[in-house]
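What follows is a short report on a single structure.
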Amino acid sequence: MNEEFNKPYDPKAVEEKIYNEWEKSGYFNPDNLPHADKGPFTIALPPPNITGTLHMGHALNATIQDILIRKKRMEGYKALWIPGTDHAGIATQNIVEKQLKKENISRHQLGKEKFLEKIWEWKEKYGDMILGQLKKMGSSCDWSRAAFTMNPQYSKAVQSAFRQYYDKGWIYRGERIVNWCPRCGTSLSDLELEYIEEKSKLWRIKYSIKKTNNLQPITNDFIVVATARPETILGDSAVAVNPKDERYKDLIGKIIILPIQNREIPVVADIAVEKEFGTGVVKVTPAHDFTDAEIGERHKLPAYKIIDERGRMTVESGEFCNGLKIAECREKVIKKLKELNLIEKEEDHTHSVAKCYRCEGTVEPLPSLQWFLKMSELAKLAIEAVESGKVRFHPQRWEKVYLDWLKNIKDWCISRQIWWGHKIPIEGSEDVLDTWFSSALWPFATLGWPAQCEPTTDDKRQTTRCKSKEGGDLAQFYPTQVLSTARDIINLWVARMVYSGIEFMDKEPFNNVIIHATILTKDGKRMSKSLGTGIDPMILIDKYGADATRFGLIWQSMGGQDIHWAEEHVMAGKKFANKLWNISRFVLTKTGDSFVSKIDAGDIKDEASRELLKKLESTKESVNKDIDNYDFGQALHTLYNFVWKEFADKYIEYSKDKNSEEVFSVLSFSLLTVLKTLHPFMPFITEEIYQNLPNKNAEFLMVEEISN
RNA sequence: GGGCGCUUAGCUCAGUGGCAGAGCACCUCGUUUACACCGAGGGGGUCAUAGGUUCAAAUCCUAUAGCGCCCACCA
């Protein structure tokens with residue numbers, strides 16, 4: 001027995017050494033697996049953004065995927081886990097910009113070329129750091145295939161995808177109201193907004209009605225509109241009421257004198273107006289509100305762009321506020337209206353405001369010339385994939401989130417006015433693509449699409465399809481089997497991968513989607529770096545070891561429920577590792593040269609031994625079943641219970657005064673079986689113990705054969 | 001406004017029709033050579049509330065309350 005086999009178990013002495021041995025073996029690459037006689041089993045790691053380091057969610061997700069990959073590898077599949085990182089457009093640009101700001105440099109001072117160099121430097125540093133952290137977790141990824149969403153070959157995939165959409169007429173350019181982040185200076189898609197509740201005011205403002213002639217009696221000489229954004233008065237081009245609202249029936253068609261601007265605008269009837277809200281009269285600002293834009297279109301109203309891309313009032317807003325910031329203009333307008341005695345009432349009002357998901361600045365709807373991808377056909381593909389059951393979510397309830405979004409989808413604004421990203425491959429456009437445009441291609445772009453394709457024409461769908469070249473990765477490893485990811489990117493990413501896979505590869509990119517738990521603080525708050533409520537998985541690894549950290553994460557993942565993080569389960573994992581360590585020492589000391597790796601259960605006569613083997617068998621079955629159902633926590637509980645209660649407390653105690661070959665064989669066989677079954681969950685310690693067995697079947701436990 | 005999830009021991013959570021469970025914490029005993037990161041034993045719960053179905057409800061149904069999340073054209 002190895003003299004390292006001292007007590008207690010020390011993960012630090014083991015984990016790095018074992019990981020290096022695994023890497024050296026080459027077995028993370030399925031091409032090198034000695035007995036992979038079953039089909040390929042592929043998982044594409046959701047590429048972490050290069051914006052920082054890994055958090056608990058990444059750690060949980062890496063563990064889940066590693067469990068699946070390691071189990072399949074041991075079962076004889078050509079197991080491939082493709083790792084990589086995402087360039088994460090706006091997020092990365094912002095973080096590098098912040099970095100520069102500390103040195104008092106703006107990206108504009110630096111210039112585009114130099115700035116992009118800085119980002120590439122950042123990418124090298126943090127990209128490597130992230131991959132290093134995945135290794136510390138024990139992730140058995142094939143690093144030789146590591147991908148990055150801005151690698152040269154990946155860029156080719158992005159261009160091919162764009163071209164194919166363009167050739168089909170699904171990409172178009174248009175001046176439309178988009179979500180605009182003045183701080184980032186770019187458009188955003190609907191999914192890139194975060195809404196937060198803000199306390200504000202609702203102002204009731206009097207708009208006077210123009211007298212047409214003296215013969216027409218008018219009941220009031222003004223009407224009252226309610227608004228939360230008085231500064232947009234400057235861009236009003238109508239006032240609208242509900243056509244069925246009896247109160248305002250006579251008003252439809254009348255002319256209103258817009259305050260401050262003194263512009264004449266009509267009263268229109270539109271179904272978008274709710275009779276019950278506010279006064280039932282709404283001001284219409286077609287350039288700066290999505291609903292108002294629709295009303296404007298229906299009534300052919302002019303759109304005055306009064307707010308510009310920097311969040312300042314434009315010339316078109318008039319001399320009154322020209323050049324002011326939005327908030328300044330609001331103050332000024334309110335002051336003026338008060339002077340004119342046009343504010344009837346000012347009341348407290350809470351409403352949700354759209355914020356940029358990357359910088360938290362307020363997003364302004366404004367008209368802008370952008371590129372769009374037509375979604376109607378693509379959405380159909382993604383909907384069908386889930387409704388037909390070809391793609392399944394676990395837990396299933398997330399399918400609703402996916403389908404609800406796809407069924408109400410709008411065209412996707414794919415252009416961004418930032419520097420870091422894939423340039424739109426059209427002459428004269430400086431825009432880059434939404435970072436999710438490239439992420440959407442991940443499951444096949446990482447495997448060599450489109451280089452490994454022979455294009456074939458599909459008349460039915462009038463599209464060029466990819467027929468994967470034989471022998472290449474794409475033919476061999478696409479589609480992947482499972483995707484495991486966080487719930488907040490179901491639509492942002494999962495849905496887009498599904499239709500992209502079908503559109504370009506004619507095959508869903510995966511059949512099963514695991515939506516793993518979200519990890520919250522103990523009192524149910526979001527873990528956040530800025531609030532200091534986050535927990536760094538690397539610190540846990542340092543304190544308790546990677547196996548214990550993985551144990552703690554999985555122990556708490558039950559049925560996809562959110563996890564209120566409790567560190568004591570990681571400590572339990574550390575104790576369990578130590579228990580296993582001592583069990584192994586006992587078994588190895590006791591059995592010595594009699595250690596056997598195979599037994600014939602039928603030959604065992606001893607009653608307690610037969611009983612243990614029965615329980616061992618049912619534990620194995622139960623664990624396999626649970627993993628197949630993605631009930632990882634349940635599987636670990638079952639295994640833990642067997643090892644500690646049945647094997648250690650009962651059988652090992654029983655075996656102490658027995659010295660028969662029969663008992664020795666049951667002890668050794670049970671230990672080996674436990675190591676194999678537990679290896680996907682706690683790979684380091686199980687591998688280390690395996691290395692100390694007197695006779696073993698394989699070079700590494702990682703490639704030991706197990707049956708399912 | 002719509003949707004989803006949760007509420008079980010001090011804490012974190014399993015348990016989906018048949019005697020209330022685990023980990024941690026707590027108490028008692030135990031320096032038996034695998035392990036004190038241990039072993040043997042123990043205390044502790046009106047299963048959010050109200051009503052219903054059933055021989056039987058933590059579990060199924062209805063309503064209510066609280067917590068959390070998501071979506072929406074919240075003027």
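Reminder, nothing fancy here: chain letters follow the sequence lines and each chain counts from 1. What you see is a predicted model; the values in this text were computed from it and never measured.
- Residue contacts shown for A:K650 are absent, as no nucleic acid heavy atom lies under 4.0 Å away.
- The nucleotide whose nearest atom lies closest to any side-chain atom of A:N578 is, among B:rG23, B:rU12, B:rC35, B:rC35.
- Within the 4.0 angstrom heavy-atom criterion, only backbone atoms of the sugar-phosphate kind lie near A:W555; the bases stay farther away.
- Of all the heavy atoms in A:R330 and A:P230, the pair that sits closest is CG-CG, 3.9 Å.
- Across B:rC13, B:rA75, B:rG5, the shortest atom-to-atom separation from the side chain of A:Q561 is found for B:rG5.
- No N or O donor and acceptor, one from the side chain of A:E653 and one from the base of B:rA40, sit under 3.5 Å apart.
- Closest to the A:M558 side chain, of the nucleotides B:rG5, B:rG23, B:rC13, is B:rC13.
- Considering only the side chain of A:E568, B:rG23 comes nearest among B:rG39, B:rG23, B:rA75.
- Distance A:H569 NE2 to B:rA14 C1': 11 Å, rounded to the nearest Å.
- Residue-level contact check: A:F576 touches neither bases nor backbone, having no heavy atom under 4.0 Å from any strand.
- Interface remark: the A:K579 side chain does not form any donor-acceptor pair with the B:rC37 base, using a distance-only criterion of under 3.5 Å.
- The residue A:Q634 sits close only to the backbone: its heavy atoms come under 4.0 Å of sugar-phosphate atoms, none of a base.
- Distances were taken from every side-chain heavy atom of A:T227 (C-beta onward) to each of B:rA75, B:rC4, B:rA25; the shortest belongs to B:rA75.
- Using modelled atom types, one side-chain atom of A:S668 and one backbone atom of A:F664 make a donor-acceptor pair closer than 3.5 Å.
- Across B:rU12, B:rG5, B:rA75, the shortest atom-to-atom separation from the side chain of A:A228 is found for B:rA75.
- For A:N582, the side-chain atoms get nearest to B:rA34 when compared with the rest of B:rG23, B:rG5, B:rA34.
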Item to complete: Using Watson-Crick or G-U wobble pairs with both distances under 3.5 Å, give me RNA chain B in dot-bracket, 5' to 3', with [ ] for crossers and | for pairs to another strand.
Response: ((((((((.[[[[.)..(..]]]].(((((.......))))).....[[[[[..)....]]]]])))))))....

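- Comparing atom distances between the A:K575 side chain and each of B:rA75, B:rA40, B:rC24 picks out B:rC24 as nearest.
- Distance from the side chain of A:H349 is smallest to B:rA75 among B:rC38, B:rU12, B:rA75.
- Under 4.0 angstrom from either OP1 or OP2 of B:rC13 there lies no side-chain N or O belonging to A:K522.
- Within a 6.0 Å sphere centred on CZ of A:R247, heavy atoms belonging to other residues, nucleotides or ligands number more than 12.
- The OH-P distance, from A:Y195 to B:rG3, rounds to 20 Å in whole Å.
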